[in-house]
Amino acid sequence: MPELPEVEVVRRGLERTLPGRTIATVAVAHPRAVRRHAAGAADFAAVLTGRTIEAACRRGKYLWLALDSGAALLGHLGMSGQLLVVATEKPDETHLRVRFTFSDAGRELRFVDQRTFGGLAVVPADAGVPAPIAHIARDPLDPGFSDAGFVAAVRRRRTGIKRALLDQTLVSGIGNIYADESLWRAGLHYARPTGTLTRGELNRLLQSVREVLLEALHAGGTSFDALYVSVNGESGLFDRSLAVYGRAGLPCTRCETPIRRDAFMNRSSFTCPRCQPRPRKAHW
DNA sequence: TCCGGCACCTGTACGC
DNA sequence: TGCGTACAGGTGCCGG
C-alpha cells in the first residue's frame, strides 16, 4: 500500500526519467482514473498534449508533475496505483488506465491501477503546491515540518492517536502500516486519547515515525505483493523489517509476547499487548 | 468546527 | 468446481 516511502521512491524514479520530455499523446483507457479531472477525459488529454514536464514533486502521498504551462498533472496512487516508465513495446498491464507517450519515442508513462482508488487530474499550480491538495500537511521528513505545531495540534484533538496519525491534515504520508510500526516503536497504544499524551510522548512518537519512514525509504518501500512497485516495476524490501504489521500471533521482537490484531476503522491494528498497554480510557 | 462512519473498488483467500 | 463472503485500505463526503 503506497505510503510516503513508496510514493517518494516513485517520485525519484519520475524525476530521473521525465523532466524535459514533451507529451505527444494521452490515452485514457478507464474514465474513473481521471474522475477528479472535472472537465472529463477528453479535456484531460487535450490540455496535456504538447506540454513539457519540468519536475516531479510530492506532498504527503500525492505526486505531481509540474508542466511548462504552469499547470500540474496531479496524481494519487490510492491503494494499488502504479506509475511506470517502460519501453513502448512492453505488453500492456491488465489494469492499464492511462498511457502517455512522448515526442522522443522509446519509453512511455503508464498509470496502472487494479482497484481504481487512485487517479490523475490536471490542476492549477502557480503557487507551488496544487490547490486541491493545499489542505494536506507537510510530512515529518519535510524540512518545513513543525514539530511544535504538530504536538500542539494533536493535543487539541479529541480522538485516538492513531486516527490523528492517519489524518493527512495534521501530518501527511503515514498510512495504516507505518502508523502501527511507529506506535509500536514509541510504546504507545493506538487508542490513547490525544489529549492525554504529553509533549515528551508525542516527540518520541515523531522520532519513531521518522525512523520508520527513513528505514522504509532506504529499503525502497514496503511490498506484500505486486501491487506496489517503483517506476521500474521493482518491489521494496521493507516488509522483511516490519515489527508488528501483519504479524498477528507471532512473538513481539522486543518481548516475545504474541502480537494482537484488532479491528479498527474498518481495517486492522496490530499491537504488542505488553509494549503497548491499552489505556484505561481508550478513544477510538 | 470537529469527529466518526461509510462508500468507493477488485483480486485473493477461505469456507461450504 | 463453483459460489458467496470477508478482507485489504486512502480519501472524500455526509451526518451528528
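Everything numeric here is computed off the predicted structure, so don't read it as measured data. Per chain, numbering begins at 1; letters A, B, ... match sequence-line order.
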**Contact under 4.0 Å: A/Arg32 side-chain N or O vs B/dC8 OP1/OP2** = no
**Asked** Expressed in angstrom and rounded to an integer, what is the separation of A/Gln82 atom CD from C/dG10 atom C1'?
**Response** 16 Å
**Complete:** d(A/Arg35 CZ, A/His30 NE2) to nearest 0.5 Å is 9.5 Å
**Message:** The side chain of A/His135 is closest to which nucleotide in this list: C/dG12, C/dT11, B/dG5?
**Reply:** C/dG12
**Request:** Let me know the distance between CE of A/Met265 and C1' of C/dC7, rounded to the nearest Å.
**Result:** 16 Å
**Fill in**
Between A/Tyr62 and A/Phe117, the residue closer to the 5' end of DNA chain C by nearest nucleotide is A/Phe117
**Prompt:** Does a nitrogen or oxygen in the side chain of A/Arg163 sit under 4.0 Å from OP1 or OP2 of B/dG5?
**Reply:** yes
**Request:** May I have the distance from A/Tyr178 (atom OH) to C/dG10 (atom P), rounded to whole angstrom?
**Result:** 11 Å
**Message:** With a 4.0 Å cutoff (strictly under), does any side-chain N or O of A/His95 reach OP1 or OP2 of B/dG11?
**Reply:** yes
**Request:** Figure out the CD/C1' separation between A/Glu3 and C/dT11, and round it to whole Å.
**Result:** 13 Å
**Fill in**
Quick note, A/Arg261 side chain, CB onward, closest among C/dA8, C/dG10, B/dG11 is C/dA8
**Fill in**
Of the listed C/dA8, C/dT11, B/dG11, the closest approach to the A/Gln114 side chain comes from B/dG11
**Prompt:** Taking the side chain from A/Arg110 and the backbone from A/Leu84, do they hold a donor-acceptor pair closer than 3.5 Å?
**Reply:** no
**Item:** B/dG4 base / A/Arg158 side chain donor-acceptor hit below 3.5 Å
**Value:** no
**Message:** Regarding A/Ser80 and A/Asp113, do their side chains bring together a donor and an acceptor under 3.5 Å, going by distance alone?
**Reply:** yes
**Request:** Measure from CG on A/Asp167 to C1' on B/dG4 and round the result to the nearest Å.
**Result:** 12 Å
**Prompt:** For residues A/Thr25 and A/Thr101, is any side-chain donor paired with an opposing acceptor at under 3.5 Å?
**Reply:** yes
**Item:** First encountered from the 5' end of DNA chain B, between A/Arg267 and A/Arg156
**Value:** A/Arg156
**Request:** Using modelled atom types only, decide if a donor and an acceptor are shared between the side chain of A/Arg107 and the backbone of A/Val85 within a distance under 3.5 Å.
**Result:** yes
**Request:** Report yes if at least one side-chain N or O of A/Ser268 is closer than 4.0 Å to OP1 or OP2 of C/dA8; otherwise report no.
**Result:** yes
**Request:** Could you state the atom-to-atom distance from CG of A/Leu166 to P of C/dA8 in whole Å?
**Result:** 14 Å
**Asked** Side-chain N or O of A/His76 less than 4.0 angstrom from OP1 or OP2 on C/dG10?
**Response** no
**Message:** If you only use heavy atoms from C-beta on, which nucleotide in C/dG12, C/dG10, B/dC3 is closest to the side chain of A/Met79?
**Reply:** C/dG10
**Asked** In whole angstroms, how far is the P atom of C/dT11 from the CG atom of A/Leu63?
**Response** 12 Å
**Prompt:** Does any non-hydrogen side-chain atom of A/Ile161 lie less than 4.5 Å from one of A/Leu202?
**Reply:** yes
**Request:** Assign A/Arg35 to base, sugar-phosphate, or nothing according to its heavy-atom contacts below 4.0 angstrom with the strands shown.
**Result:** nothing
**Item:** Between P of B/dC2 and CZ of A/Arg157, the distance in whole Å
**Value:** 7 Å
